There are 2 protein chains.
Amino acid sequence: MIDEKTARQAVIRAADELFYTRGVQAVGMDAVRTAAGVSLKRIYSLFSSKDELIVAVLHHRTAVWDSGLASASQRATSARERILAIFDFLDAWFREPDFRGCAFINTHGELGASSTAVADAVREQKRSFQEYVAHLVADAGAPAALAPQLAILAEGAQTTAAIAGTPDAARDARAAAETLLDVATGRPR
Amino acid sequence: MIDEKTARQAVIRAADELFYTRGVQAVGMDAVRTAAGVSLKRIYSLFSSKDELIVAVLHHRTAVWDSGLASASQRATSARERILAIFDFLDAWFREPDFRGCAFINTHGELGASSTAVADAVREQKRSFQEYVAHLVADAGAPAALAPQLAILAEGAQTTAAIAGTPDAARDARAAAETLLDVATGRPR
DNA sequence: TACAGTAGAGAACGATCGTTCTCCGCGCAA
DNA sequence: TTGCGCGGAGAACGATCGTTCTCTACTGTA
């Protein structure tokens with residue numbers, strides 16, 4: 001038998017992909033079992049309920065998002081560039097063929113009203129992102145009020161790209177972010 | 001018996017409220033029946049399936065949204081003011097006690113992957129909003145590229161307010177919109 | 001070989017949901 | 001008054017889903 005850690009990862013990864021492409025409620029635990037190659041009994045020994053699995057999947061998504069963002073800002077040499085790198089990161093993501101919007105927003109729309117655990121996990125991810133942006137804004141020497149504005153642009157780009165199906169939303173948001181950054185830091189335009 | 005039009009409205013209104021507060025999939029047709037006071041048989045003579053009812057509810061929401069937006073921009077005397085009125089409209093909405101995010105975004109997250117009819121209805125609403133913004137931007141004499149930026153701000157404000165639970169998102173988005181408008185129209189700052 | 005313990009496959013269970021059907025009561029024409 | 005058609009209430013049906021249970025096969029040990 002495979003060890004617990006490997007089994008957990010297999011279940012989370014399989015569930016993540018299924019939930020993201022089909023929606024959480026549309027995926028039964030049987031489908032997770034088949035995709036992960038882990039028996040139902042084992043799954044329920046690793047996660048006490050589907051709700052707990054969903055939360056684990058969201059935490060996994062948070063980690064993936066964080067590391068993706070970190071590696072996207074790798075080449076940036078200034079806070080300003082790191083901020084704009086967020087939108088380049090979104091741009092690349094939106095163009096992936098299986099892009100289906102932000103999993104956190106989708107899951108919140110699906111279960112935010114009925115599961116507080118899910119709502120909390122989603123809220124925590126968004127809070128952490130806002131904090132990340134706030135740090136970059138401070139590093140760039142811009143007023144703190146700029147941070148929520150940039151975060152709103154990033155959120156709006158994600159929903160727009162998901163619903164309208166236009167990856168251009170990332171470029172539009174990036175252009176707006178640049179303007180806001182320039183004005184906030186007194187850069188000549 | 002009440003006439004068809006009244007029955008339709010009663011069902012749509014009841015379903016709208018239930019779907020919005022609890023999520024679409026969490027609400028059974030029985031709950032709609034009870035809330036609307038219309039028998040199941042009647043409901044299924046008015047709508048051939050739950051999916052069709054969902055689409056009807058979305059269309060109803062679109063009409064409510066459009067008229068709300070129109071009345072919010074009533075007092076505005078310029079295109080610039082009409083643009084900013086969008087964010088004041090959002091602000092008032094976010095502060096309503098039963099605000100639970102944008103129903104279109106939520107429903108898309110819930111059913112966009114499984115029902116193309118739902119996805120289409122949501123996409124159409126967003127497209128219509130973008131068109132509305134584009135007209136205002138043209139009237140304001142700003143470059144067309146500003147329109148998607150403002151639309152993204154409005155979308156981002158909605159998801160941010162819904163998930164973080166902070167109505168301030170409308171004010172943040174409004175401030176960003178003002179900056180973008182000023183820059184785009186060459187207004188002194 | 002005999003046996004104990006464990007894990008997997010999938011049947012089973014109970015609940016729920018979308019949809020349809022049955023039965024009953026009411027209004028109306030002759 | 002009698003028969004008839006129609007609509008409402010909700011029971012019934014079939015499917016699905018989350019969760020648990022049963023049975024079987026396999027491993028390691030003496």
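Convention: sequence-line order gives letters A, B, ...; per-chain numbering from 1. Bear in mind that the values here come from a model prediction, so they are computed numbers and not experimental data.
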Please give, in whole Å, the distance from [N] [atom2] to [X] [atom1]?
X: A:M29; N: C:dG10; atom1: CE; atom2: P; answer: 17 Å
X: B:Y44; N: C:dG18; atom1: OH; atom2: P; answer: 6 Å
X: B:L18; N: C:dC17; atom1: CG; atom2: P; answer: 12 Å
X: A:L111; N: D:dG18; atom1: CG; atom2: P; answer: 11 Å
X: A:I54; N: D:dG18; atom1: CD1; atom2: C1'; answer: 11 Å
X: A:R42; N: D:dT19; atom1: CZ; atom2: C1'; answer: 18 Å
X: A:K50; N: D:dT16; atom1: NZ; atom2: P; answer: 15 Å
X: B:R33; N: C:dG18; atom1: CZ; atom2: C1'; answer: 13 Å

Verify, without hydrogens or angle tests, whether B:K50 (side chain) and B:V24 (backbone) share a donor-acceptor contact under 3.5 angstrom.
yes
Closest nucleotide of DNA chain C for A:G37 versus for B:D30: which of these residues is on the 5' side?
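So the residue in question is A:G37.
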Using 30° and 60° as the class boundaries, would you call the ring planes of B:W65 and B:F129 parallel, tilted or perpendicular?
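Rings of B:W65 and B:F129: perpendicular, as their planes differ by over 60°.
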Between CG of A:D168 and CZ of A:R174, what distance do you get to the nearest 0.5 Å?
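Those atoms lie 14.5 Å apart.
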If you round to the nearest 0.5 Å, how far is OG1 of B:T21 from CG of B:D98?
8.5 Å
When all nucleic acid strands are considered with a 4.0 Å heavy-atom cut-off, which category describes A:K41: base, sugar-phosphate, or nothing?
base
Classify the nucleic acid contact of A:V32 as base, sugar-phosphate or nothing, counting any heavy atom under 4.0 Å across all strands shown.
nothing
Measuring from the side chain of A:L40 (C-beta onward, heavy atoms only), which nucleotide among C:dT19, D:dG8, C:dA11 has the closest atom?
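Output: C:dA11.
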